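Here the structure is laid out as structure tokens; the discussion comes afterwards.
Model, not experiment: these values are computed from the prediction.
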Amino acid sequence: MEFRLSEDQRMLVETARKVGERFGPEYWRDLDARKAYPKEAWAAICEAGLCGITLPEEHGGSGLGMLEMALAIEALTAGGAGSTLAQMFMLNPIFGGVSIAKFGTEAQKKALLPGLASGEITFCMALTEPDAGTNSLEVRSFARADGNGWRLNGRKVWITAVPQASKMLVVARTRKVEEVKRRTEGISLFMIEPEREGVSHAAIDKLGTNTLPSSSVFFDEVRVEPDDLVGTLDEGWTALLEVLNTERIVTTAGLVGTVELAIRSAVEYAQGRKVFGGKPIASYQGLQFPLAQAHALGEAARVLNHKAASLCDLGEPYGSAANQAKLLAAQAAAQATERAMQTMGGMGYAKEFHMERLWRDARLFRFAPVSEEMVLNFIAIHDLGMPRGY
């Protein structure tokens, strides 16, 4: 297995690092306080070609793979943003890019992918529902046939960046659960505009990731046209799995970058802090060991995520590696931000030192986009061959 980066990959990482450092911790602290969308940072990311890493060259992308995307996100998030910046990649290259590039029509690709790469078109995905949550097979939003199209009704919750999105990928049933042999049947994907008649949304007040709003979304007799369909009618489950598994890779990359940022910040602080006898507190093993443990866990997540991304690029099964990497990365980020705060003492609690924001933002990813418990269920069932317990 090759662990050395190619020259092109090193150049990509260096580009991402420079962009990430250009929008450093102060930039993100200000946005967090104002609950403002990172439009300047995203514009710079797109201008540097980092949004279109995996998109086809004929549609404005670079034609590279998920491994290159993971490398770029690690460097970007380590520059000061932390894990919340990875959500911008979930929204756009994943929810918009993967769905359209892999499953869309030629007309959809031409209409949407160049704008995605340039940053002119942004996306969100309406999947999660109040009574379904992690169990995507239980979605009840329903698009009934209406002439040559459909009428969509239902409710979604915890949908990210709806007010800023140009397009919304909606997951809905087009055949009810009672009408299909397997629950994976009868699910379809549609790409519509959030401002379409019959669509409404309301913000959810929350603990962190304040730069990207979360909303409840309501569909009331929303007209859906034939050219809004992404992929094959009633057979959207396979496409949805591809979107969700690549989402894991992007999530993990952002968490790995957060681990790097948090530990680097803690070490720098501890090197300059002298309390007893002129020795820096960085020399105390009580502070060293927890940070070293978090670093080791983060590096394990990084390597496992690179494996998942490489398998994805080869067209081989990668779901298990992606889920395992996400599990480790979320735990590593939780440990790293918590122990960094502990290392800084009272200043770790102060907004000017940024760690409390990294801690708040990273906490989300222990249960989103999939919870630790569901990842462990997946590992037990699919990797260990144990019986389903739910």
Self-check item: Reported CG-to-NZ distance for the pair Asp32 and Lys351, which is rounded to 0.5 angstrom
Solution: 6.0 Å
Exercise. Following the transitive rule for hydrophobic clusters with a side-chain heavy-atom cut-off under 4.5 Å over Ile, Leu, Val, Met, Phe, Trp and Tyr, establish whether Ile53 and Leu76 coincide in one cluster.
Key: yes
Self-check item: Glu47 CD: over 12 foreign heavy atoms closer than 6.0 Å
Solution: no
Exercise. Considering only NZ, NE, NH1 and NH2 on the basic side and carboxylate oxygens on the acidic side, decide whether Arg10 and Glu14 come within less than 4.0 Å.
Key: no
Practice problem: Fit a plane to each ring of Phe353 and Tyr269, take the angle between them on a 0 to 90° scale, and name the class: parallel (under 30°), tilted (30 to 60°) or perpendicular (over 60°). | Solution: perpendicular
Self-check item: Beyond-backbone contact of Val303 with Lys307, side-chain heavy atoms, under 4.5 angstrom
Solution: no
Self-check item: From Tyr37 atom OH to Thr211 atom OG1, the distance as rounded to the nearest 0.5 Å
Solution: 9.0 Å
Quiz item: When rounded to the nearest 0.5 angstrom, what is the spacing between NE2 in His306 and CG in Leu71?
Solution: 4.5 Å
Quiz item: Above 12 or not: heavy atoms from other molecules or residues under 6.0 Å from CE of Met11?
Solution: no
Exercise. State whether the number of non-hydrogen atoms from other residues, nucleotides or ligands found under 6.0 Å of Phe276 atom CZ is greater than 12.
Key: no
Practice problem: Would you check, one step at a time, whether the test side chain to side chain contact (heavy atoms under 4.5 Å, CB included) holds for Val243 with Leu127? | Solution: CA-CA 11 Å; Val243 169; Leu127 169 61; over 6 Å; no
Quiz prompt | Under 3.5 Å: donor-acceptor pair, side chain of Ser6, backbone of Gln9 | solution = yes
Self-check item: Check: Gln108 and Leu113 side chains under 4.5 Å, non-hydrogen atoms
Solution: no
Quiz item: Just one of Thr105, Leu116, Leu55, Leu112 clears the side-chain contact (heavy atoms from CB on, under 4.5 Å) bar with Ile100, so which one?
Solution: Leu112
Exercise. Could you tell me whether the side chain of Asn305 and the main chain of Ile249 form a donor-acceptor pair under 3.5 Å?
Key: yes
Self-check item: Side chain Asp313, main chain Met66, donor-acceptor under 3.5 Å
Solution: yes
Practice problem: Look up atom CG in Leu358 and atom CG in Leu261, then write down how far apart they are to the nearest 0.5 Å. | Solution: 5.0 Å
Quiz item: Going only through I, L, V, M, F, W and Y residues with side-chain contacts under 4.5 Å, is there a path from Met168 to Leu152?
Solution: yes
Quiz prompt | Arg264 atom CZ, neighbour heavy-atom count above 12 within 6.0 Å | solution = yes
Quiz prompt | Interatomic distance, Arg196 atom CZ to Phe190 atom CZ [nearest 0.5 angstrom] | solution = 10.5 Å
Quiz item: Between Trp158 (side chain) and Ser214 (backbone), is there a donor-acceptor pair under 3.5 Å?
Solution: no
Exercise. Please confirm whether the backbone N or O of Leu137 pairs with a side-chain atom of Arg173, one donor and one acceptor, at under 3.5 Å?
Key: yes
Exercise. Check whether more than 12 heavy atoms from other residues, nucleotides or ligands sit under 6.0 Å from atom NZ of Lys206, and answer yes or no.
Key: yes
Self-check item: Test item: Asn153 side-chain N/O and Glu221 main-chain N/O as donor-acceptor pair under 3.5 Å
Solution: yes
Quiz prompt | N-O pairing of Glu26 and Arg357 below 4.0 Å | solution = no
Quiz item: Are any of the side-chain heavy atoms of Arg339 and Ile263 separated by less than 4.5 Å?
Solution: no
Self-check item: Pairwise salt bridge (charged side-chain N to carboxylate O under 4.0 Å, His left out) hits with a residue in residues 56-84, at least two apart
Solution: Glu74-Arg302
Quiz item: Do you see a donor-acceptor pair shorter than 3.5 Å between the side chains of Gln87 and Thr84?
Solution: yes
Practice problem: Step through the shown structure and confirm whether more than 12 heavy atoms of other residues, nucleotides or ligands are within 6.0 Å of OH on Tyr284. | Solution: yes
Practice problem: Could you tell me whether Glu197 and Arg223 make a salt bridge, using a distance below 4.0 angstrom between a side-chain N and a carboxylate O? | Solution: no
Quiz item: Taking C-beta and beyond as the side chain, do Val98 and Glu247 meet within less than 4.5 Å on heavy atoms?
Solution: no
Quiz item: How would you list, by chain and number, every residue that makes a salt bridge (charged side-chain N to carboxylate O under 4.0 Å, His left out) with Glu129, sequence neighbours excluded?
Solution: Lys156
Quiz item: What's the verdict on salt bridge (Lys or Arg N to Asp or Glu O under 4.0 Å) for Lys110 and Glu106, showing C-alpha distance, side-chain angles and the deciding distance?
Solution: CA-CA 6 Å; Lys110 290 178 181 178; Glu106 285 305 313; 5.5 Å; no
Quiz item: Does any non-hydrogen side-chain atom of Leu229 lie less than 4.5 Å from one of Ser188?
Solution: yes
Practice problem: Side-chain contact test, heavy atoms from C-beta onward, threshold under 4.5 Å: evaluate it for Arg183 versus Asn135 and give yes or no. | Solution: yes
Extract all donor-acceptor atom pairs below 3.5 Å that involve side chains of residues 315-329 and protein atoms in other chains or at least two apart in sequence.
residue	atom	partner	partner atom	Å
Tyr318	OH	Glu242	OE1	3.4
Tyr318	OH	Glu242	OE2	3.3
Ser320	OG	Asp383	OD1	2.7
Asn323	OD1	Arg248	NE	3.2
Asn323	ND2	Gly319	O	2.9
Gln324	NE2	Asp383	OD2	2.9
Lys326	NZ	Phe365	O	2.4
Lys326	NZ	Ala368	O	3.4
Lys326	NZ	Val370	O	2.6

Practice problem: Start with the C-alpha gap between Phe219 and Ile192, add the side-chain angles, then the distance that decides, and say whether side chain to side chain contact (heavy atoms under 4.5 Å, CB included) holds. | Solution: CA-CA 11 Å; Phe219 305 111; Ile192 68 172; 4.3 Å; yes
Self-check item: Linked, directly or transitively: Leu304 and Ile379 (ILVMFWY side chains, under 4.5 Å)
Solution: no
Quiz item: Can you tell if the side chain of Ser216 reaches within under 4.5 Å of the side chain of Ile204, non-hydrogen atoms only?
Solution: yes
Quiz item: Between Leu255 and Val375, is there a shared hydrophobic cluster once you connect ILVMFWY residues whose side-chain heavy atoms come closer than 4.5 Å?
Solution: no
Self-check item: Exam field: side chain Arg360 to backbone Leu207, donor-acceptor pair closer than 3.5 Å
Solution: yes
Quiz item: Between Thr258 (side chain) and Ser83 (backbone), is there a donor-acceptor pair under 3.5 Å?
Solution: yes
Exercise. Verify whether one side chain among Tyr27 and Arg29 offers a donor that lies under 3.5 Å from an acceptor in the other.
Key: no
Quiz prompt | Check: Gln288 side chain, Ala282 main-chain N or O, donor-acceptor pair, under 3.5 Å | solution = yes
Practice problem: Please determine if Glu185 and Arg182 form a salt bridge, counting it only when a charged side-chain N lies under 4.0 Å from a carboxylate O. | Solution: yes
Quiz item: How long is the span from the CG atom in Leu91 to the SG atom in Cys51, to the nearest 0.5 Å?
Solution: 10.5 Å
Quiz prompt | Any Met386 side-chain heavy atom under 4.5 Å of Ile381 side chain | solution = no
Quiz item: Is Trp237 reachable from Val230 through a run of hydrophobic residues whose side-chain heavy atoms are each under 4.5 Å from the next?
Solution: yes
